[in-house]
Participant: 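Before I ask anything, here is the structure I am working with.
First the proteins, then the strands, lettered A, B, ... as listed; each starts at 1.
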There are 2 protein chains.
Amino acid sequence: MNASLQTHRYLLQFSIKPSVQRTAVMDYLMKNRTHPTIDEIYTALSPSMPTLSKTTVYNTLNLFIERGAVQALVIDEKNARFDVDTSSHAHFICKSCGKVHDIFNLKPELFEIPQHPNFTIHSVEISYSGLCNACKES
Amino acid sequence: MNASLQTHRYLLQFSIKPSVQRTAVMDYLMKNRTHPTIDEIYTALSPSMPTLSKTTVYNTLNLFIERGAVQALVIDEKNARFDVDTSSHAHFICKSCGKVHDIFNLKPELFEIPQHPNFTIHSVEISYSGLCNACKES
DNA sequence: TCCTATTTTATAATGAGTACAAAGATATGA
DNA sequence: TCATATCTTTGTACTCATTATAAAATAGGA
């Protein structure tokens, strides 16, 4: 089974030309649902793609977001984080270690877009914060 | 009526010594519910307090947050924003002009803290995004 | 192959936020 | 009141994420 073939097709759905770099970044996002930062993506891919530039990772993610293939999470004040899962789910950030986790199985009402006279609302982001078990114990 | 007397008392509730600078910053936040950035606060106060340093504005807000007198909003990827209103309400950010607005009168269930086996959740932030009417028309 | 458009890359620049150390203000106690 | 210790403010230098820019590499079509 060729994972990058799937990825290839996924990119084409969003009218993104699947270059080697773009396919690698999308592939990484699909296999690593940890909402990685730019730096994590770059560091992970760099060994197998020695000429990869961090600028390319930035460019690639900006393109993915522009085309709607990836969602940028605004939950971590230090770094942008990215999510390929567009289903209704929330996120949790640990204020100690900074890791971001998914929270599924919340009531669907939470993700409804309210009507408002002054705004045209396109999306909602629900972010919880606190401590993860590992950090709480220490 | 002396507004800064109120502010003074408010700061003491959170064990914050009310210096001139701290009182001015808190006073500004209480009167300007626009979720201002550090720069906006500094620019607004600077004319009447010529020796004010931007570092002081940073220090002051970090102290306010540490003591729970102010909440930092993570909704604008460019700048930190601040809110003195700790009642249950959501925020809307216009992706065009970047202004942040309050959204009140949402169902209280939205702000309930869920139980989760892996996390101890302390707070929730609900952020909507889209276009404000002004930006939509242009 | 040659030409053109697109993509990638390295470097430089921008800008928010923090670290640090000196200067200033405030409180306390003799 | 004065001396001293503590806290607060300030300016400067620094870090680090992100973007701008322009050159180099690549891909695709005639």
Side-chain angles (χ1 to χ4, degrees), chain A residues 4 7-8 11-12 14-28 35-67 69-70 72-82 93 95 98 100, chain B residues 4 7-8 11-12 14-28 35-67 69-70 72-82 93 95 98 100:
Chain A
S4 82
T7 307
H8 207 272
L11 291 177
L12 288 175
F14 293 94
S15 312
I16 296 165
K17 264 196 203 163
S19 70
V20 174
Q21 291 85 347
R22 289 169 181 174
T23 305
V25 170
M26 181 54 83
D27 216 53
Y28 183 81
H35 319 94
T37 63
I38 293 281
D39 208 71
E40 283 163 0
I41 299 168
Y42 173 75
T43 304
L45 298 181
S46 198
S48 58
M49 305 180 72
T51 71
L52 182 67
S53 157
K54 202 179 274 189
T55 304
T56 299
V57 183
Y58 274 102
N59 291 344
T60 300
L61 280 154
N62 285 338
L63 178 70
F64 288 177
I65 288 158
E66 208 178 291
R67 299 286 162 89
V70 160
L73 301 185
V74 185
I75 187 172
D76 177 350
E77 48 243 320
K78 298 203 183 301
N79 300 288
R81 290 175 171 276
F82 304 93
I93 183 164
K95 286 296 182 188
V100 174
Chain B
S4 82
T7 308
H8 208 272
L11 290 177
L12 288 174
F14 293 94
S15 312
I16 296 166
K17 266 197 203 162
S19 71
V20 175
Q21 290 84 348
R22 289 170 182 174
T23 306
V25 171
M26 182 54 84
D27 216 53
Y28 183 81
H35 319 93
T37 63
I38 293 282
D39 208 71
E40 282 163 0
I41 298 168
Y42 172 76
T43 304
L45 298 181
S46 198
S48 57
M49 307 181 71
T51 71
L52 182 66
S53 157
K54 201 178 275 188
T55 304
T56 300
V57 183
Y58 275 103
N59 291 343
T60 300
L61 280 153
N62 284 340
L63 178 70
F64 289 177
I65 288 159
E66 207 178 290
R67 298 286 162 88
V70 160
L73 302 184
V74 186
I75 185 172
D76 177 350
E77 47 243 321
K78 299 202 183 300
N79 301 287
R81 289 173 172 277
F82 304 94
I93 184 165
K95 286 295 182 187
V100 174

Participant: Got a sec, which residues hit side-chain hydrogen bond (donor to acceptor under 3.5 Å, both in side chains) with B:K95, two or more places apart in sequence or on another chain?
Facilitator: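 Partners of B:K95 under the side-chain hydrogen bond (donor to acceptor under 3.5 Å, both in side chains) test: none.
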
Participant: With a 4.0 angstrom cut-off to heavy atoms of chain B, pull out the first and last contacting nucleotide of DNA chain D, in 5'-to-3' order.
Facilitator: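 First and last nucleotides in contact are D:dC7 to D:dT12.
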
Participant: List for me each residue that meets side chain to side chain contact (heavy atoms under 4.5 Å, CB included) alongside A:S53, sequence neighbours excluded, and say none if there are none.
Facilitator: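 Side chain to side chain contact (heavy atoms under 4.5 Å, CB included) list for A:S53, sorted by chain: A:T55, A:T56.
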
Participant: Check the distance between C:dT7's C1' and A:I16's CD1 and give it to me in whole angstrom.
Facilitator: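 Atom-to-atom, A:I16 to C:dT7, this comes out as 14 Å.
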
Participant: Return the set of residues passing side-chain hydrogen bond (donor to acceptor under 3.5 Å, both in side chains) with A:N79 (not counting sequence neighbours), or none when no residue passes.
Facilitator: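 Listed in chain order: nothing, the list is empty.
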
Participant: Scan residues 40-52 of chain B for pairs that pass salt bridge (Lys or Arg N to Asp or Glu O under 4.0 Å), counting only residues two or more places apart or in two chains.
Facilitator: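 Pairs touching residues 40-52 of chain B that pass the test: none.
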
Participant: Under the rule for side chain to side chain contact (heavy atoms under 4.5 Å, CB included), what residues qualify as partners of A:Y28, not counting sequence neighbours?
Facilitator: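 Result, side chain to side chain contact (heavy atoms under 4.5 Å, CB included) vs A:Y28: A:N32, A:P36, A:I41, A:A44, A:L45.
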
Participant: Go along nucleotides 9-26 of chain C 5' to 3' and tag each nucleotide: B for a protein heavy atom under 4.0 Å from its base, S when only backbone or sugar atoms are that close, - otherwise.
Facilitator: BBB----SBBB-------

Participant: Got a donor-acceptor contact below 3.5 angstrom from the A:R81 side chain to the A:H35 backbone?
Facilitator: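 Pair found, side chain donor or acceptor close to backbone of A:H35.
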
Participant: Among residues at least two apart in sequence or on other chains, which ones pass side chain to side chain contact (heavy atoms under 4.5 Å, CB included) with B:T43?
Facilitator: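 Listed in chain order: B:D39.
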
Participant: Taking side chain to side chain contact (heavy atoms under 4.5 Å, CB included) as the definition, give me every residue that meets it alongside A:L63, ordered by chain and number, with sequence neighbours left out.
Facilitator: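 Residues passing side chain to side chain contact (heavy atoms under 4.5 Å, CB included) with A:L63: A:I16, A:R22, A:R67.
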
